[in-house]
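Worksheet: the structure to be examined is printed underneath.
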Amino acid sequence: MAEPIRVVVTGAAGQIAYSLLYQIASGAVFGPQQPVFLHLLDIAPMMGVLEGVVMELADCALPLLAGVLPTANPEEAFKDVAAAFLVGAMPRKEGMERKDLLAANVRIFKEQGQALDKAARKDVKVLVVGNPANTNALICSKYAPSIPKENFTAMTRLDQNRAQSQLAAKIGVPVKDVKRVIIWGNHSSTQFPDASNAVAIVGGAQKSVSEIINDDAYLKGAFVTTVQKRGAAVIAARKMSSALSAAKAASDHMRDWFLGTEDRWVSMGVVSDGSYGTPRDVVYSFPVTVTNGKWKIVEGLTISDFARQMLDATGKELVEEKQEALDVCKD
């Protein structure tokens with residue numbers, strides 16, 4: 001059996017973590033041979049609830065779970081971790097604007113960046129789930145200067161999974177038979193779910209999704225807005241935010257980052273190098289492939305005039321968010 005790897009989950013007493021912890025501890029993320037030692041971080045008032053989560057993890061009797069450390073101390077939580085799921089954030093409530101979230105969350109992610117810088121392994125892979133995820137990841141990276149920028153990512157895999165399932169339902173095929181759907185930009189209502197490169201297997205043959213659906217108005221209209229607004233739709237129906245699907249997406253993201261994607265494209269929010277005319281030095285979602293733990297942006301895709309407008313709009317929002325976040329950091 002391999003040595004256990006240390007994995008931290010923040011907001012560990014919360015809804016998303018409740019689904020996520022089982023997936024990590026059962027081997028769904030790091031593989032069926034890799035033991036894990038879980039570090040669970042939450043705020044002091046949540047320690048009683050967290051104790052219950054620790055009891056439940058014990059009661060699952062999971063063979064890969066080597067140990068659990070519950071704590072309210074960020075430096076203790078981040079000590080020697082190889083993977084970090086930053087789930088804990090001020091949640092968005094119904095009717096709340098993302099801008100209100102920014103100020104509250106910037107301070108959390110500044111503190112966590114500093115703690116990661118001090119205590120975590122220098123090759124730690126950090127996934128920010130807490131919203132606004134892209135800008136939170138950027139701030140976290142800024143305050144962890146000794147950890148490479150490319151080790152900080154934001155989750156847009158939930159949006160990709162949502163987009164893939166919408167297209168699969170529209171075409172009438174299993175979700176696994178739809179590939180190369182892309183999420184560009186911010187994990188917000190400006191994101192661009194892009195089906196122009198997507199393919200689906202229909203009747204044993206791979207075909208372009210655009211050709212199969214043959215409805216430009218749908219692919220530029222209802223498809224895009226359904227994915228953009230799916231989170232709000234879940235909140236409206238469930239009276240709570242997406243927890244089960246967010247946990248699954250976080251598992252997918254980290255599994256692919258650790259174990260590789262082969263020829264699959266996955267969407268990840270990563271620090272932009274200006275690819276596809278996007279603004280540099282914001283965390284922007286691109287299609288990537290992953291080999292040996294390193295992500296690489298898929299190159300050479302054609303950007304239509306419609307896509308150009310969409311990429312620019314979400315890029316503009318990210319530049320504005322970054323500026324607002326930096327202003328809060330100065331306070």
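Residue-environment remark: NZ (Lys122) exceeds the threshold of 12 foreign heavy atoms within 6.0 Å. Counted within 6.0 Å of CZ on Arg162, heavy atoms from surrounding residues, nucleotides or ligands total more than 12; the atom is thus considered enclosed. Annotation: Arg238, atom CZ; neighbour count of heavy atoms from other residues, nucleotides and ligands within 6.0 Å is above 12.
In this structure, Met268 and Val290 have side chains that are in contact, with non-hydrogen atoms separated by less than 4.5 Å. At a threshold of 4.5 Å between non-hydrogen side-chain atoms, the residues Ile108 and Gln112 count as touching. Considering only heavy atoms from C-beta on, Leu86 comes within 4.5 Å of Cys140 through its side chain. Proximity of Val227 to Gln166: side-chain heavy atoms (C-beta onward) are separated by under 4.5 Å at one or more points.
A cation-pi arrangement is absent between Lys118 and Phe78, since the terminal nitrogen or guanidinium carbon is not both under 6.0 Å from the aromatic centre and inside a 45° cone about the axis. Within the cation-pi definition used here (under 6.0 Å to the ring centroid, within 45° of the axis), Lys170 does not qualify as a partner of Phe223.
Taking the six-membered ring where the residue is Trp, the centroids of Phe152 and Tyr143 are separated by 6.0 Å or more. Taking the six-membered ring for Trp, Trp184 and Tyr276 have ring centres closer than 6.0 Å.
Ionic pairing of Arg107 and Glu111 is not present here: no N-O contact between side-chain nitrogen and carboxylate oxygen is shorter than 4.0 angstrom. Checked for salt-bridge contact, Asp256 and Arg264 meet the test: a charged N lies under 4.0 Å from a carboxylate O. Between Asp312 and Lys316 no salt bridge is recorded (no basic side-chain N to carboxylate O distance below 4.0 Å). Between Lys149 and Asp281, none of the side-chain N atoms (NZ, or NE/NH1/NH2) sits under 4.0 Å from a carboxylate O, so this pair counts as no salt bridge. Remark: Asp305 does not engage Arg308 in a salt bridge, criterion side-chain N to carboxylate O under 4.0 Å.
Residues Asn105 and Pro132 come closest through the heavy atom pair ND2-CD, 3.9 Å. Among all heavy-atom pairs drawn from Ala325 and Thr135, the shortest one is CB-CG2, 3.6 Å.
Side-chain polar atoms of Thr71 and Asn73 form no donor-acceptor pair below 3.5 angstrom. Using modelled atom types, one finds a donor on one side chain and an acceptor on the other under 3.5 Å when comparing His253 with Thr153. No side-chain donor-acceptor contact under 3.5 Å links Ser189 and Gln228. Between the side chains of Gln191 and Thr156, no donor N or O sits under 3.5 Å from an acceptor N or O. Using modelled atom types and a 3.5 Å distance limit, the side chains of Thr289 and Thr261 yield no donor-acceptor pair.
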Check: Do Thr314 and Asn186 pass the side-chain hydrogen bond (donor to acceptor under 3.5 Å, both in side chains) test, and can you show the C-alpha distance, the side-chain angles, and the key distance before you say yes or no?
Finding: CA-CA 6 Å; Thr314 192; Asn186 198 1; 5.2 Å; no
